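Okay, so here's the structure we're looking at.
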Amino acid sequence: MTSKEIKDLSQDQLKEQIAQERERLLRLKFAHAISPIENPLRIRTSRKEIAKLLTELSAKSNQQ
């Protein structure tokens, strides 16, 4: 998801995306703990995506 797409989301959509991304991260961590996943950098990418979403949510909540 690009930063422009993230900025266009509403607060409710951001919260929904954060929940989905956290669920994805949890599944990746479990899969990696059981047997090494093919691309472990996906875990890092998922964490960064959550951080971007949380940053934008914080910025939107501070504006109001």
Side-chain angles (χ1 to χ4, degrees):
M1 186 173 260
T2 64
S3 60
K4 174 144 177 41
E5 291 172 339
I6 292 174
K7 289 182 187 293
D8 292 339
L9 296 175
S10 69
Q11 285 186 348
D12 291 335
Q13 291 172 327
L14 282 169
K15 289 176 184 176
E16 184 179 320
Q17 285 292 327
I18 290 167
Q20 289 176 357
E21 198 63 38
R22 283 184 173 162
E23 180 68 28
R24 184 176 303 130
L25 178 61
L26 187 64
R27 278 189 260 122
L28 280 171
K29 284 183 176 180
F30 279 138
H32 188 63
I34 293 170
S35 66
I37 57 177
E38 188 173 314
N39 187 2
L41 293 178
R42 290 186 349 202
I43 295 172
R44 183 186 305 172
T45 306
S46 185
R47 282 197 323 254
K48 286 183 178 184
E49 188 70 24
I50 292 170
K52 287 179 193 176
L53 292 166
L54 287 171
T55 301
E56 187 60 32
L57 181 62
S58 175
K60 285 186 186 253
S61 65
N62 286 339
Q63 287 178 349
Q64 293 179 355

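For the numbers below, each heavy atom of this structure counts, side chains included, while hydrogens, waters and symmetry mates do not. Please read these numbers as outputs of a predicted model, since none were measured by experiment.
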Output all residues satisfying side chain to side chain donor-acceptor pair (under 3.5 Å) with R24, sequence neighbours left out; order by chain, then residue number. E21
[atom1]/[X] to [atom2]/[Y] distance, rounded to the nearest 0.5 angstrom?
X   : Y   : atom1 : atom2 : answer
T2  : D8  : OG1   : CG    : 8.0 Å
R42 : R27 : CZ    : CZ    : 10.5 Å
Q20 : S46 : CD    : OG    : 11.5 Å
I18 : E49 : CD1   : CD    : 10.0 Å

Strictly distance-based, threshold 3.5 Å: is any side-chain N or O of [X] a donor or acceptor partner for the main-chain N or O of [Y]?
X   : Y   : answer
K52 : M1  : no
K60 : K7  : yes
T55 : A51 : yes

Stepwise side chain to side chain contact (heavy atoms under 4.5 Å, CB included) test for I6 and L14: CA-CA 8 Å; I6 292 174; L14 282 169; 4.0 Å; yes
Would you indicate whether E38, at its atom CD, is surrounded by more than 12 heavy atoms from other residues, nucleotides or ligands within a distance under 6.0 Å? no
Minimal non-hydrogen separation, I37 against H32, with atom names: N-ND1, 3.3 Å
For a 4.5 angstrom cut-off between non-hydrogen side-chain atoms, does S61 reach L57?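 Result no, sub-4.5 Å side-chain heavy-atom pair not found.
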